[in-house]
Amino acid sequence: MSEPKELSPSFEPCAQEASDLPEGWLQVQSMDLDAQGVARKPDGKVVFIDGALPFELVTANTHRKKNNWEQASLTAIHRESSQRVRPGCQHFGLHGGACGGCKMQHLHVGAQVAVKQRVLEDNLWHLGKVKAETVMRPIEGPAWGYRYRARLAVRHVIKKGTVLVGFHERKSRYIADMQTCKILPPHVDAMLMPLRSLIAGMDARDTCPQIELACGDTVTAMVLRHLEPLSVGDLARLRAFAAEHGVQWWLQPKGPDTVKLLDEGGEQLSYALPDFGITMPFKPTDFTQVNPHINRVLVSRALRLLDVQPHERVIDWFCGLGNFTLPLATQAREVLGIEGSEALVARSRENYALNQRASLDGKALAATDFVARNLFEMTPEMLVADGSADKWLVDPPREGAFALAKALADIEQSRIGADGAGPLPAGAENWTPPQRIVYVSCNPATLARDAGLLVHLGGYKCTAAGMVNMFPHTAHVESMAVFERA
């Protein structure tokens, strides 16, 4: 396990010095990336405390010691934070068997947003030495019932005579005994106990380790992972469950490429981006955003910030299914979507063709091409070969877009004749960098790293940044930053 990282205080003033406290008491000063309270002992040693909030006075039981820090569990609260709230789910907590799906239900959702905004700002400054000119208002949405994608573990526990379906326990490989889950859509939450009964009654109860949930706007799909062929009786049980609960079953006997519908026909799994008249069909194993409410706002804000004009060419890096690409095609002259997965590129082309035919106002989408390429091996030569673009939309996975940012920075360093810079790639004389980049991130650390390259070596300034509360009650930080040519 890596060392926890301390964040700056977020939402309450510090009242007392550690040396003024009764013996054994600790004053929590901030919160770390794992939603642990951070305190300091009188000798300056940092203590990370599970369950504590800034700026509570607490006592805690240390269970792990290192030279410079300790990890501890909360034992008593002597002064409670005004931001502490009653968790919305009965399975949340520090107790044995507590669900590990959420880490911040004890903190008011507004304070969660403040903490995550500070995470973003701290990462940009401490890791990238970048400070945004403007801090954008956070994007927020429903705090409950938002999780339209989930991977639910399944286990038949013979000793207990029951089947468990849900998330893992805190810091454990065991599955939590969940009877309800308030971050799942209400209709899925209501299915948790019926799902347990379904699996318990199946012949394959011991060989079905996982159910993957994917909700579209009108279809709820569930992918059943099964390690052995299902019996005729089990298939009948799945069909009966589907009819009663309105579920579309998919079966996965092996890897993700083996996923197929239990019964062909029926409505297609999809979600809409109504601001752009776009509909996005997808398969339940495709990557789509967990929170569709936030995704709609995210796409609209990203395109508003990019401010694409009808004469401009745009590149959408890490385009996936075309979540940003197709809305961009309603505004630009030409769009190029680049993605690492051949399967997703094929799906993007299908989605483009579908929306081209179904354009609401009869206006054709811009000329759009999709290319499959490993973007983690990007080079200046490859970047030049993709041609100039007026604007970029960058939406990478957690690993970030280091190779892409470095290729752009390398070209800029060559162009200005910086010490140690290599020669300009062939054709770069007529290649121009984008005037504006909107970078959507699911990892503030890799965003900060890439921002440092763009700002200090690439010729850009960070004009705006803000967090996106895609995953309420978790410590996950989604964010967005805007870069302009300096």
Side-chain angles (χ1 to χ4, degrees), residues 1-14 28-40 46-56 69 71 81 83-84 100-141 143 146 289-291 294 298 301 394-402 438-452 454-455 462 464-483:
M1 177 178 172
S2 60
E3 179 177 348
K5 290 183 170 59
E6 183 180 0
L7 306 178
S8 301
S10 300
F11 45 80
E12 291 190 36
C14 186
V28 185
Q29 299 169 347
S30 58
M31 182 171 270
D32 80 346
L33 290 170
D34 286 319
Q36 299 174 115
V38 182
R40 289 184 184 272
V46 176
V47 185
F48 297 93
I49 309 167
D50 237 358
L53 298 177
F55 276 85
E56 295 181 328
W69 56 274
Q71 280 192 307
S81 168
Q83 301 298 322
R84 182 176 285 275
C102 297
K103 293 184 177 180
M104 303 176 91
Q105 283 194 25
H106 57 314
L107 178 61
H108 186 278
V109 70
Q112 293 179 29
V113 170
V115 168
K116 293 178 183 184
Q117 181 68 41
R118 183 54 61 89
V119 171
L120 172 61
E121 294 176 45
D122 282 359
N123 274 266
L124 282 172
W125 180 245
H126 293 301
L127 299 180
K129 293 295 180 282
V130 171
K131 187 172 183 179
E133 294 177 357
T134 300
V135 175
M136 294 186 289
R137 183 176 179 176
I139 294 178
E140 302 179 65
Y146 68 83
Q289 294 288 7
V290 161
N291 189 328
I294 294 293
L298 178 70
R301 179 181 284 189
V394 184
D395 182 21
R398 290 190 61 81
E399 295 87 345
F402 177 77
V438 171
Y439 188 131
V440 178
S441 167
C442 58
N443 184 345
T446 54
L447 168 62
R449 177 201 64 198
D450 298 344
L454 294 172
V455 170
C462 182
M467 67 81 55
V468 180
N469 201 20
M470 184 74 75
F471 298 83
H473 311 301
T474 77
H476 183 93
V477 180
E478 195 103 0
S479 56
M480 184 185 300
V482 184
F483 300 92

Could you tell me if the side chain of [Y] sits less than 4.5 Å from the side chain of [X], heavy atoms only?
| X | Y | value |
| --- | --- | --- |
| F48 | D32 | yes |
| S441 | D450 | no |
| P396 | F402 | no |
| R449 | V130 | no |
| I294 | N469 | no |
| L454 | F483 | yes |
| V394 | V438 | no |

_Partners passing side chain to side chain donor-acceptor pair (under 3.5 Å) against E140 (at least two apart in sequence or in another chain)_ = none
*All side chain to side chain donor-acceptor pair (under 3.5 Å) counterparts of H108, not counting sequence neighbours*: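 If we apply the side chain to side chain donor-acceptor pair (under 3.5 Å) test to H108, skipping adjacent residues, there are no hits.
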*Take Q112 and Q83, measure what side chain to side chain donor-acceptor pair (under 3.5 Å) needs, and give me the verdict at the end.*
CA-CA 9 Å; Q112 293 179 29; Q83 301 298 322; over 6 Å; no
Under 3.5 Å donor-acceptor, [X] side chain and [Y] backbone:
| X | Y | answer |
| --- | --- | --- |
| E133 | A464 | no |
| E56 | L53 | yes |
| H476 | M470 | no |
| S81 | P54 | yes |
| N123 | A448 | no |
| D34 | Q36 | no |

Distance, nearest 0.5 Å, that separates [atom1] of [X] from [atom2] of [Y]:
| X | Y | atom1 | atom2 | value |
| --- | --- | --- | --- | --- |
| R398 | L447 | CZ | CG | 12.0 Å |
| E121 | S479 | CD | OG | 11.0 Å |
| R84 | L107 | CZ | CG | 8.5 Å |
| F471 | C102 | CZ | SG | 11.5 Å |
| L124 | C462 | CG | SG | 6.0 Å |

*Taking only residues two or more places apart in sequence, or in another chain, which ones meet D395 in a salt bridge (Lys or Arg N to Asp or Glu O under 4.0 Å)?*
none
_Which atom of G101 lies closest to which atom of T474, heavy atoms considered_ = O-CG2, 3.8 Å
_side chain to side chain contact (heavy atoms under 4.5 Å, CB included) for M31 and V38? Distances and angles first, verdict last._
CA-CA 5 Å; M31 182 171 270; V38 182; 5.7 Å; no
*From CA spacing to verdict: side chain to side chain contact (heavy atoms under 4.5 Å, CB included), M467, E478*: CA-CA 6 Å; M467 67 81 55; E478 195 103 0; over 6 Å; no
*Take M480 and L120, measure what side chain to side chain contact (heavy atoms under 4.5 Å, CB included) needs, and give me the verdict at the end.*
CA-CA 9 Å; M480 184 185 300; L120 172 61; over 6 Å; no
*asked:* Using a 6.0 Å cut-off, check whether atom NZ of K129 has over 12 heavy atoms from anything other than its own residue.
replied: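 Yes.
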*List the steps and the verdict of side chain to side chain contact (heavy atoms under 4.5 Å, CB included) for V115 and M104.*
CA-CA 11 Å; V115 168; M104 303 176 91; 4.3 Å; yes
